[in-house]
Amino acid sequence: MPLTNKYIQQRIEKAEFLKQAGINPYANNSQRNTSIEKYLNVNADIANTESQRDENRSYIVSGRIKLLRIMGKASFVKIEDESGILQIYVARDNLPEGFYNTIFKKNIEVGDIIEVGGYPFVTGKGELSLHASNLKLLTKAIAPLPEKFHGVTDKEIRYRKRYLDLIMNAEVRKTFQTRSKVISLTRRFFEDKGFLEVETPMMHPIAGGANAKPFVTHHNALSTDRYLRIAPELYLKRLIVGGFEAVFEINRNFRNEGMDATHNPEFTSIEFYWAYKTYKDLIEITKEYFAYLFEHLNLPSLLPYGELSVNFENFQEIPLIESLTTIGGVPAEVAQDAEKIYAYLKEKAINVKPNLNLGQLQGELFDEFVEEKLIDPTFITEYPVEISPLARRSDENPDITERFELFIAGREIANAFSELNDPVDQLGRFEGQMSAKDAGDDEAHEMDKDFVEALSYGMAPTAGQGIGIDRLVMLLTNEHSIRDVLLFPAMKPQNEDEQSQKEE
RNA sequence: GUCUUGUUAGCUCAGCUGGUAGAGCACGUCACUUUUAAUGAUGUGGCCGAUGGUUCGAAUCCAUCACAGGACACCA
């Protein structure tokens, strides 16, 4: 079915012609000795010389042809490698006899990957170029590239055929280079602080550590179902029980839920756990982490994000209840009373599930009235215990937990707390979640008896945090869809099988 | 899941209130030894997302479906 397009047929014929002429259209004897970026840097001085060229220098560069201008006996070719774009000047009389007319002009075209040797010179229009003395085809592209000026803009094509997007859009490559740096810097930051990177299971017997619907798979040998992990939390805390004092894991989580601009079914997070520390220490290390990223990524502390401007020198800290009134405008007496909250929400024409407890309702108020207003980095602290089943209670007030979530540009970026290490309290919280589940909350946390048992051996006082890497990268690259920071975002399969429909 | 917009040549897009398709780029042929989205001439290229319906006649109107974008819901 593929390769039937007439343009492709035409190019296959060219590849055949080249084979007949003794030229391998898929050669692998590359002699490249410099990247385009290095070539341009090393030869920048040519522009200051009188002759505007240096025939004693010689370089071999390789890349994909992006533009081709044939002008009779000479041509200009723009080739691109990972590092940049370079203009090549190809003249008939500088190449072997017959090569220019029969091979180059007729059988090498935009999209092909070529290798060119020659010397640096500056054109009349002032562009540092390479004067070709030999040219070799490395890879024949039989599919034509999208249009040179507009490129591909269709999002469906860009996501489904990311390779085309990457060929055509250099700034997309830049985004993913930044993503790679963020992950690398994150790893280095925590390693330098003495954290140990670990790998915990991706397939869990119990989907724990968060409230979310899991993907289910089946293990044949054990004839048992497994859940793709929704969070690594409970395994990482078992490691703290085991005596590791600072661990982190950067990896994928999977949640079987809706997809939108900030949700993909598989997403990357870092979770780290730090013994003998509290959530207060996490606030400090988080600020330090951001400063580290900004320094190494060369980002301005007043970071533009769409229409917004986020000030990373203005970290705020505010308890959740307080934020409801000071930021959300909810009257103080309403925020502390379940019935009044229900009445308030109804008045604002906001529908919520019935029979929610006070903590859950305060969470609803926060989501409705506060979250999107948090532009500069803000630590929202003191979460209600009902919506924090794995967090330690405050010593001063047992209804709230020693927890924060970090919001930036109206979006949750991190979730952190002093860990609950009282096994009896943890068992009680799980039981509370179980009764919520029985009452119809299908996203309540699962009971994990093995985890309670682990805690029963004693987990040192510990603080732990999770940071959504995808959303963080979105923020740092000024992208507004998670799909633009994932190389291969989740897409529905296309059913182009007209056959199966006709077969009936 | 709901609402909404889109799907026309390889790509980017036109195509009014129905009369079986257009442009630019790309591609073919020709000219051109310093171009910058090169230029000039000329030509090829389409089951108008799929299936039904209305109509003498459908890219166009209607319905259903598929995929995608956006918004909302869900995701504590």
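Every chain is numbered from 1 and lettered A, B, ... according to where its sequence line falls, protein lines coming before strand lines. Just so it is clear, the model here is predicted, and its values are computed rather than measured.
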Base, sugar-phosphate, or nothing for [X], non-hydrogen atoms under 4.0 angstrom?
X: Phe366(A); value: nothing
X: Lys14(A); value: sugar-phosphate
X: Lys125(A); value: base
X: Glu147(A); value: base
X: Gly151(A); value: sugar-phosphate
X: Gly124(A); value: base
X: Ile70(A); value: base
X: Phe267(A); value: nothing

Query - Heavy atoms from other residues, nucleotides or ligands near CE of Met71(A) exceed 12 (cutoff 6.0 Å) - result: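 Correct, the count exceeds 12.
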
Problem set entry | Phe149(A) ring over A37(B) six-membered base ring, under 5.5 Å and 30° |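 Yes, aromatic ring over the base.
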
Using only side-chain N and O atoms of [X], determine if any of them is under 4.0 Å from OP1 or OP2 of [N].
X: Arg69(A); N: C25(B); value: no
X: Lys106(A); N: C30(B); value: yes
X: Thr123(A); N: U35(B); value: no
X: Arg158(A); N: G69(B); value: no
X: Lys78(A); N: A38(B); value: no

- Message: Side chain of Ile157(A) only, heavy atoms from C-beta on: which candidate in C75(B), C67(B), C11(B) is closest?
- Response: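 Given the options C75(B), C67(B), C11(B), the side chain of Ile157(A) is closest to C11(B).
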
Q. From the list C25(B), U33(B), U36(B), which nucleotide is the closest neighbour of the side chain of Lys148(A)?
A.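 Taking heavy atoms from C-beta onward, the closest nucleotide is C25(B).
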
For this session: Could you tell me how the ring of Tyr279(A) sits relative to the ring of Phe404(A): parallel (under 30°), tilted (30 to 60°) or perpendicular (over 60°)?
Result: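 Judged by the thresholds at 30° and 60°, the geometry between Tyr279(A) and Phe404(A) is tilted.
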
Over 60° means perpendicular and under 30° means parallel, so classify the ring planes of Tyr119(A) and Phe121(A), tilted if in between.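 Answer is perpendicular, since the angle exceeds 60°.
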
Rounding to the closest angstrom, what is the interatomic distance between [N] and [M] at atom [atom1]?
N: G46(B); M: A21(B); atom1: C1'; value: 8 Å
N: C72(B); M: U60(B); atom1: P; value: 32 Å
N: A59(B); M: G15(B); atom1: C1'; value: 9 Å
N: C27(B); M: C11(B); atom1: P; value: 15 Å

Q) Would a distance-only check, ignoring hydrogens and angles, find a side-chain to backbone donor-acceptor pair under 3.5 Å from Gln362(A) to Ala335(A)? A)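 Checked: pair present.
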
field: Watson-Crick/G-U partner (both atom distances under 3.5 Å) of G18(B)
entry: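 Paired with G18(B), as far as the under-3.5 Å criterion goes, is no nucleotide at all.
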
Can a donor-acceptor pair under 3.5 Å be found between the side-chain atoms of His150(A) and the base atoms of C11(B)?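 It does not, because no donor-acceptor pair links the side chain of His150(A) to the base of C11(B) below 3.5 Å.
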
